[in-house]
Amino acid sequence: MTLLTGFLGAGKTTYLNACLQSGIPAGSLILVNDFGELNIDAELIEYREEQILRLSNGCICCTLGGSLAEQLAQILRLAPSPAALYIEASGIANPARIVDTVTVSTRLRLTEVVCLVDASQAGRHARDPLCADVWRRQIVAADRLVINRIGADEPLPPALAQVLGDTSAVIERHPSASAPAAAAAPPWKARPAGADGLPQRQRWQQSSFSYDAPIDGGRLESLFQDYADVLVRAKGIVQRAGGRGSEVLQMSGTTLSWSPAVRATVHGQLICIGRSGERFEELVGALHRLGGR
């Protein structure tokens, strides 16, 4: 079994697709966990549909007790047994808890824990009380770190270099995975830990949308910029008015990109993940007014 982790928007699905293209054992299974009602990441994986299993609503990172153990038990009852299992964890998963669940099985061997790290967001994640703890845990738990969105000769951000001092993981750079430039977003400020009085889990909020018709892409991008202080991650497969077919939308930090979708969808799908509160609710309302349900 290989466990693939990394914070929201770090590039896990892109990395997994690259692994699939380079070749994995025949008869492997892919288990994808997403933090939301819609499992967008599973739709973006370029692999045989029947070999992809889905867990939604952050099951792996938050309700470990049943969901992951039950899914693994079902997998181990398959005949013939899968040659290998690849788990793409949700962006806020705690890898150590997943590893603990896997290691109790006598039939599973954990080959490697790979963590994707977005160097361009390292400073922001390190000082944000909402993100910092899980971001560090993911890095420290890894056997191999794949650092992307950084130049080949560019020095590591100080916040990331400091965390790397606590790990003996093999480190790789993927400078070619640089994110496209984005429009300027409002200044971002970290709020004090616990300022909202909510437990860590409840400070995260996600909302999913389904669109029956093409949407105004420019308006959507403006909303993401306006609410960059509370929106941590957005992703989806939608059609833009005036566009050609389904497109994949990816937003991480202040960077937003569009690309052609591998699989067309009947209905547009979008999921947003961010900080609980009135500002996020305002964003949800605005996205519904774009035609979402």
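Rounded to the nearest 0.5 Å, atoms CG (Leu4) and SG (Cys115) are 8.5 Å apart. The OG atom of Ser257 sits 10.5 Å away from atom CD of Glu247, with the distance rounded to the nearest 0.5 Å. Taken to the nearest 0.5 Å, the CG atom of Asp226 stands 10.5 Å off from the CD atom of Glu282. Residue Thr13 holds its OG1 atom at 11.0 Å from CD1 of Ile30, rounded to the nearest 0.5 Å. Interatomic distance, OG of Ser120 versus CD1 of Ile147, reported as 12.0 Å (0.5 Å rounding). If you take OG on Ser105 and CG on Leu110, they are separated by 11.0 Å, rounding to the nearest 0.5 Å.
With hydrogens and angles disregarded, no donor-acceptor distance shorter than 3.5 Å links the side chain of Gln138 to the backbone of Val117. Looking only at distances, no side-chain donor or acceptor of Arg144 sits under 3.5 Å from a matching main-chain atom of Glu112. Between the side chain of Thr103 and the backbone N or O of Asp100 there is at least one donor-acceptor pair closer than 3.5 Å. Ser246 places no side-chain N or O within donor-acceptor distance of the main-chain N or O of Val238, the cut-off being under 3.5 Å. The closest donor-acceptor contact from the side chain of Asp216 to the backbone of Ala241 lies at 3.5 Å or more, if one exists at all. Side-chain atoms of Gln206 do not come within 3.5 Å of backbone N or O of Ile271 as any donor-acceptor pair.
You'll find the side chain of Glu221 reaches within 4.5 Å of the side chain of Trp258, heavy atoms only. No side-chain heavy atom of Leu270 sits less than 4.5 Å from a side-chain heavy atom of Ile215. Put simply, the side chain of Leu8 does not reach to within 4.5 Å of the side chain of Cys131, judged on heavy atoms. Here the side chains of Cys272 and Leu287 are in contact, with some heavy-atom distance below 4.5 Å. Side-chain contact between Leu116 and Thr14 is absent, with no heavy-atom pair separated by less than 4.5 Å. With contacts defined as side-chain heavy-atom distances shorter than 4.5 Å, the pair Val102/Leu3 does not qualify. Tyr15 is not listed as a side-chain neighbour of Asn148, based on a closest heavy-atom distance of 4.5 Å or more. Between Trp135 and Asp118, every side-chain heavy-atom pair lies at or beyond the 4.5 Å cut-off.
Hydrophobic cluster membership differs between Val104 and Leu108, with clusters built from Ile, Leu, Val, Met, Phe, Trp and Tyr side chains linked at under 4.5 angstrom. The cluster map of Ile, Leu, Val, Met, Phe, Trp and Tyr, joined by side-chain heavy atoms under 4.5 Å apart, puts Val146 and Val170 in different clusters. The cluster map of Ile, Leu, Val, Met, Phe, Trp and Tyr, joined by side-chain heavy atoms under 4.5 Å apart, puts Leu160 and Ile171 in the same cluster.
Summarising the geometry of Arg275 relative to Asp229, their closest heavy-atom pair is NE-O, 3.1 Å, with the distance given to 0.1 Å. Nearest heavy atoms, Thr167 versus Ile139: OG1-O, 4.0 Å. Closest approach of Gln205 to Glu281, counting heavy atoms only: NE2-OE2, 2.5 Å. Val230 approaches Arg279 most closely through the heavy-atom pair CG1-CB, 3.6 Å. Between Ala126 and Ala132, the shortest heavy-atom distance links the atoms O-CB, 3.4 Å. Here the closest non-hydrogen pair linking Ala83 and Pro25 is CB-CB, 4.0 Å.
Other residues, nucleotides and ligands contribute only 12 or fewer heavy atoms inside 6.0 Å of the CD atom of Glu278.
Aromatic ring pairs are classed by plane angle as parallel below 30°, tilted from 30° to 60° and perpendicular above 60°; the pair Phe209 and His288 is perpendicular.
Listed by first and then second residue, the side-chain hydrogen bond (donor to acceptor under 3.5 Å, both in side chains) pairs involving residues 153-162 amount to none (not counting sequence neighbours).
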Taking it one step at a time, do Arg137 and Thr5 satisfy side-chain contact (heavy atoms from CB on, under 4.5 Å)?
CA-CA 10 Å; Arg137 286 176 183 269; Thr5 71; over 6 Å; no

